[in-house]
Amino acid sequence: MSMNNKMEEVMDGMTPEYLSLAEENQFIYLFSKAFLYLKMGPEAYRRRDFFKQPSEDADADELAAIENGCRQILDGRGFSADQPLTGLGISGFYRLMDLFHFKLRSQSVAGSVEGRRGMLDRMDMQHAMDERTCVLFNLVCYED
């Protein structure tokens, strides 16, 4: 499926409210980069990336987290507390944002995880090259 067709399919499945949040928070940009990363793989993507991401020293766990995060972005996840990114942990979230060239502006706890140890982080990010910003939600659970 082409990137445009996949993007249209995902956007058609979003509620108007969620679509508005996603668009305000760089969905199209993030989707495009995630799609290309998954299509090309880490090595080919790195060769074409301005900041040479993902880092050459990324280990298998970090690359798995990046892939997981990209797949979730392609599903339209991460743009609200109700549909956060999951399974990335803290480090994986930051590696994913490095791939997209976003750096942390601020972080706050948006909630807790009922019945488990963990938190829902609200991550306010800014692009490394321009003023564009995004807010993403990352659910971090800790194992006992």
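What's counted below: heavy atoms across the whole structure, side chains too, no hydrogens, waters or symmetry copies. Since we're looking at a predicted model, the values are computed, not measured.
At a threshold of 4.5 Å between non-hydrogen side-chain atoms, the residues K103 and D98 count as touching. Side-chain contact between M123 and V135: absent, with no pair of heavy atoms (C-beta onward) separated by less than 4.5 Å. Within the 4.5 Å cutoff, side-chain heavy atoms of F27 are placed close to those of V10. Between L104 and S106 the shortest side-chain heavy-atom distance does not fall below 4.5 Å. For the pair N68/L85, no side-chain contact is recorded, criterion being any heavy-atom separation below 4.5 Å from C-beta on. Contact of the M40 side chain with the R48 side chain is registered, since non-hydrogen atoms from C-beta on lie closer than 4.5 Å. Side-chain contact between C70 and L96 is present, with at least one heavy-atom pair separated by less than 4.5 Å. With contacts defined as side-chain heavy-atom distances shorter than 4.5 Å, the pair N138/P84 does not qualify.
Linking ILVMFWY residues whenever their side-chain heavy atoms come closer than 4.5 Å, directly or via other members, places L88 and V109 in the same cluster. By the rule that hydrophobic residues join a cluster once side-chain heavy atoms approach within less than 4.5 Å of another member, F93 and Y142 end up as members of one cluster. Hydrophobic clustering (side-chain heavy atoms under 4.5 Å, transitive across Ile, Leu, Val, Met, Phe, Trp, Tyr) keeps F51 apart from L36. If you chain together hydrophobic residues whose side chains sit under 4.5 Å apart, Y37 and F50 never meet in one group.
By the ring-ring contact (aromatic ring centres under 6.0 Å, His included) test, F100 pairs with no residue at all, sequence neighbours left out.
Not a single donor-acceptor pair under 3.5 Å links the side chain of E62 to the backbone N or O of R95. Of the possible donor and acceptor atoms, none in the side chain of S20 sits under 3.5 Å from a partner among the backbone N and O of P16. At distances below 3.5 Å, at least one donor-acceptor pair connects side-chain atoms of N25 with backbone N or O atoms of L21.
In the displayed structure, K6 atom NZ is contacted under 6.0 Å by more than 12 heavy atoms of other residues, nucleotides or ligands.
Tested against R132 for a side-chain contact (heavy atoms from CB on, under 4.5 Å), the candidates M125, Q26, H101, Q126 yield a single pass: Q26.
Counted by atom type alone, D121 and Q107 present one or more donor-acceptor pairs between their side chains at under 3.5 Å. Counting only N and O atoms by type, the side chains of D57 and S55 include a donor and acceptor under 3.5 Å apart. Looking at Y45 and K33, their side chains do bring a donor and an acceptor atom within 3.5 Å of each other. Of the N and O atoms on the side chains of N4 and E8, not one donor lies less than 3.5 Å from an acceptor on the other residue.
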Show, in sequence, the C-alpha distance, side-chain angles and deciding distance for L30 and F102, and conclude whether the side chain to side chain contact (heavy atoms under 4.5 Å, CB included) test is met. CA-CA 10 Å; L30 297 175; F102 277 87; 3.9 Å; yes

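Under the 6.0 Å cut-off for aromatic ring centres, F137 and F79 do not qualify, their centroids lying 6.0 Å or more apart.
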